[in-house]
Amino acid sequence: MKRLSLIVLSALIGACSSLQPATKATLEGEAFYLQRIALPPSAVLTVSLQDVSLADAPAVALARQSGPITGQVPLPFKLEYDPAQVKPGHRYAVNARVEADGHLLFISTQHHGVTLDGNDEQPLRIRMDAASR
């Protein structure tokens with residue numbers, strides 16, 4: 001019985017040691033707007049990578065970066081995502097927005113599609129337009 005337990009334990013340890021940590025892929029770029037307006041100190045940039053395949057369902061986020069803005073445009077971002085979540089035949093897009101004190105200031109209004117096959121041109125350049133008030 002002890003020998004059988006030892007064999008099973010050895011097999012489990014061997015199986016666990018052969019597992020590799022999940023690899024991450026990265027999309028880097030910058031978000032920008034054309035207006036010559038300085039952002040307030042409370043401004044926050046949010047950039048997300050989304051699966052936009054289903055027209056009648058909400059987009060599914062694969063990666064998201066959100067944080068306070070230091071400096072002015074262009075605003076750099078780096079999205080890390082799990083390539084195992086990328087599904088063949090699906091469509092993916094990156095979008096960006098700037099908010100301050102609960103108000104939307106700028107948002108990307110054009111589709112910024114990415115293929116996530118390693119051939120996406122980087123750095124990505126995401127143009128944002130002023131939000132209407």
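Along the sequence shown, residues carry numbers from 1. Keep in mind that the numbers below use all heavy atoms, side chains included, and drop hydrogens, waters and symmetry copies.
Taking CD of Gln65 as the start and CG of Leu75 as the end, the distance is 10.0 Å to the nearest 0.5 Å. To the nearest 0.5 Å, atoms CZ (Phe106) and CG (Leu45) are separated by 12.0 Å. Between atom CG of residue Asn95 and atom OG1 of residue Thr46 there is a gap of 9.5 Å, rounded to the nearest 0.5 Å. One finds the NZ atom of Lys24 at 11.5 Å from the CG atom of Leu79 (value rounded to the nearest 0.5 Å).
Residues in residues 26-36 take part in these side chain to side chain donor-acceptor pair (under 3.5 Å) pairs, two or more places apart or across chains: Glu30-Arg125.
Between Val44 and Ser66, some side-chain heavy-atom pair lies under the 4.5 Å cut-off. Within the 4.5 Å cutoff, side-chain heavy atoms of Glu99 are placed close to those of Leu104. You'll find the side chain of His112 stays beyond 4.5 Å of the side chain of Leu124, heavy atoms only. Between Gln72 and Leu39, some side-chain heavy-atom pair lies under the 4.5 Å cut-off.
Cluster annotation: Tyr81 is connected to Ile126 through the hydrophobic network of ILVMFWY side chains, with a link wherever side-chain heavy atoms come within less than 4.5 Å. Val52 and Val47 are members of different hydrophobic clusters when ILVMFWY side chains are connected at heavy-atom separations under 4.5 Å. Placement of Ile69 and Val73 within a single hydrophobic cluster is found when ILVMFWY residues are connected by side-chain heavy-atom separations under 4.5 Å, directly or transitively. Val60 and Leu49 are assigned to two separate hydrophobic clusters, defined by single-linkage of ILVMFWY side chains at heavy-atom distances under 4.5 Å.
Contact detail for Gln50 and Ala59: the closest heavy-atom pair is OE1-CB, 3.6 Å. Taking both residues in full, the closest heavy atoms of Ala93 and Val114 are given as N-CG2, 4.3 Å, listed atom of the first, atom of the second, then distance.
Panel note: side chain Ser42, backbone Ala100; no donor-acceptor pair is recorded below 3.5 Å.
A side-chain contact (heavy atoms from CB on, under 4.5 Å) with Leu62 is found for one member of Asp51, Leu27, Asp82 and no other, namely Asp51.
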